[in-house]
Amino acid sequence: MKVDYLIIGQGICGTFLSYYLKQQDKTVLVIDELQPFSSTKVASGVINPVTGRRVVTTWMIETLLPFAWESYSSIGKELNETIIEQKNTISFAPSYQMKETYEKRMSEKDSYINSAGDNQQYKTFFNYLFGCYSIEPTYLINLHPLLKGWRKKLFDSDGLLEESFDISMLGVHEDHVTYKNITAQKVIFCNGISTFEYTYWQNLPYVYNKGQALIADIPGLPQTNIYKYGALSAVPWYDGLWWVGSSYENEFETTEPTAVFREGMIKELNSILNIPFTIIDQVASLRPATLERRPFVGLHPQHNSIGIFNGMGTKGCSLAPYFAKQFADHLTHNQPLDALADIKRFNRILMEK
Ligand SMILES: Cc1cc2nc3c(=O)[nH]c(=O)nc-3n(C[C@H](O)[C@H](O)[C@H](O)COP(=O)(O)OP(=O)(O)OC[C@H]3O[C@@H](n4cnc5c(N)ncnc54)[C@H](O)[C@@H]3O)c2cc1C
């Protein structure tokens, strides 16, 4: 079998890279093994334009927001599914200092912070003293139907191999690669954290960042919004349930969900919610993150037939579609990559054995 591109992994990165390459009439074969707790499957799917205690705007957000709306709407149309929705975040200031920060940011232009209207209207559900603010727009991505729908499209066009990729079977040549009976011009690694196990990429400054969340039933809480209270987010999940999280752990003893996280979250929910809730499930995954919080996009400096599309960290939903398009344009028309994402910046360490 001959294809233009062999793509390893069908998380958000492999999905969008294969989507944009196919749009450019390239043939792709995606190899993906079904892993129930991949980063994309555990993610809440939020694109929030602001971040941190200072509520600052996130990197490139003016470009990423409209691009995300356009790309998720287009793929959604193709899959006949609603993949992107605007669900603004209602953010409760957890302290007087945070209230001041929100008020200051609200007075600034393009801060994405607005009044949440009647400050009292969420009192039935939440216990808060310092007011609440609306983060607009916030987008919610329905990642499960996206992955499932695109997987079916790939499968129906003979573009999916559902198995575990074995690097020892990869033959790397100057202008092509081989894998079992497959020949491709290039192989692109989109398999999240496992990409960094391969010799080709292990010198990159990556980090595994563990994230955990609870899946909860919170009857009566309107699913019209995402709610944020300090570091805790409650995000509409599937079947009327809520995703409640999350942790950002750079050091951990197990990749599994832990009792410490579960008990801490339950305690916090008990203190902020005025309505009853039930915990249904708990999930955990490792985010493929990078030390300098910028993605890894591009071709290996020593092996032009090998590429990487990875390192999306906490922001896969906003970064992956935009950089997938940029990478597809780079591969097919030699268009430049954003210097801050291009792995060229690590050429020296990638050449070291
Ligand atoms: C708790 C949590 C919450 C998050 N919330 C958000 C959020 O709200 N918004 C946001 O933007 N980001 C969020 N993220 C981050 C986001 O999930 C990641 O940035 C993104 O999903 C990474 O996508 P990926 O395609 O690189 O990797 P993955 O999603 O991990 O995909 C890798 C794919 O490769 C496959 N694979 C791996 N190894 C092999 C192999 N050997 N052979 C074949 N297939 C293989 C896996 O099965 C998987 O399908 C969150 C992450 C976590 C953990």
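Note that ligands are numbered from 1 as they come in the structure, with each ligand's atoms numbered from 1 the same way. Reckoned from all heavy atoms, side chains included, excluding hydrogens, waters and symmetry mates. This structure is a prediction, so every number in the text was calculated from the model and none was measured.
- Counting heavy atoms closer than 4.0 Å to ligand 1, residue Ala284 contributes nothing at all.
- By the criterion of a heavy-atom distance under 4.0 Å, neither the backbone nor the side chain of Ala213 is placed next to ligand 1.
- Every atom of ligand 1 with a heavy atom of Val46 under 4.0 Å away is listed here by number and element: 7 (C), 8 (O), 9 (N), 10 (C), 11 (O).
- Residue Cys190 places a heavy atom under 4.0 Å from ligand 1.
- Between Tyr227 and Trp242, the ring planes are tilted. Angles from 30° to 60° get that label.
- Contact check for Arg293 versus Trp59: no side-chain heavy atoms found under the 4.5 Å cut-off.
- Between Tyr322 and Phe67, the two ring planes are perpendicular [angle over 60°; tilted spans 30° to 60°].
- At a 4.0 Å heavy-atom cut-off, ligand 1 does not touch Phe296 at all.
- If you look at Lys315 next to ligand 1, the close heavy atoms, those under 4.0 Å, all belong to the backbone.
- Heavy atoms of Tyr139 come nearer than 4.0 angstrom to ligand 1 in no pair at all.
- Looking at atom 44 (N) of ligand 1, its nearest protein heavy atom turns out to be Glu33 N, 3.1 Å.
- Counting only non-hydrogen atoms, the option in Ala324, Ser39, Gly245, Pro288 that gets closest to atom 30 (O) of ligand 1 is Ser39.
- The proximity of Glu163 to ligand 1, defined as any non-hydrogen pair under 4.0 Å, is limited to the backbone.
- By the criterion of a heavy-atom distance under 4.0 Å, neither the backbone nor the side chain of Val283 is placed next to ligand 1.
- The shortest contact between atom 53 (C) of ligand 1 and any protein heavy atom is with Arg287 CG, 3.6 Å.
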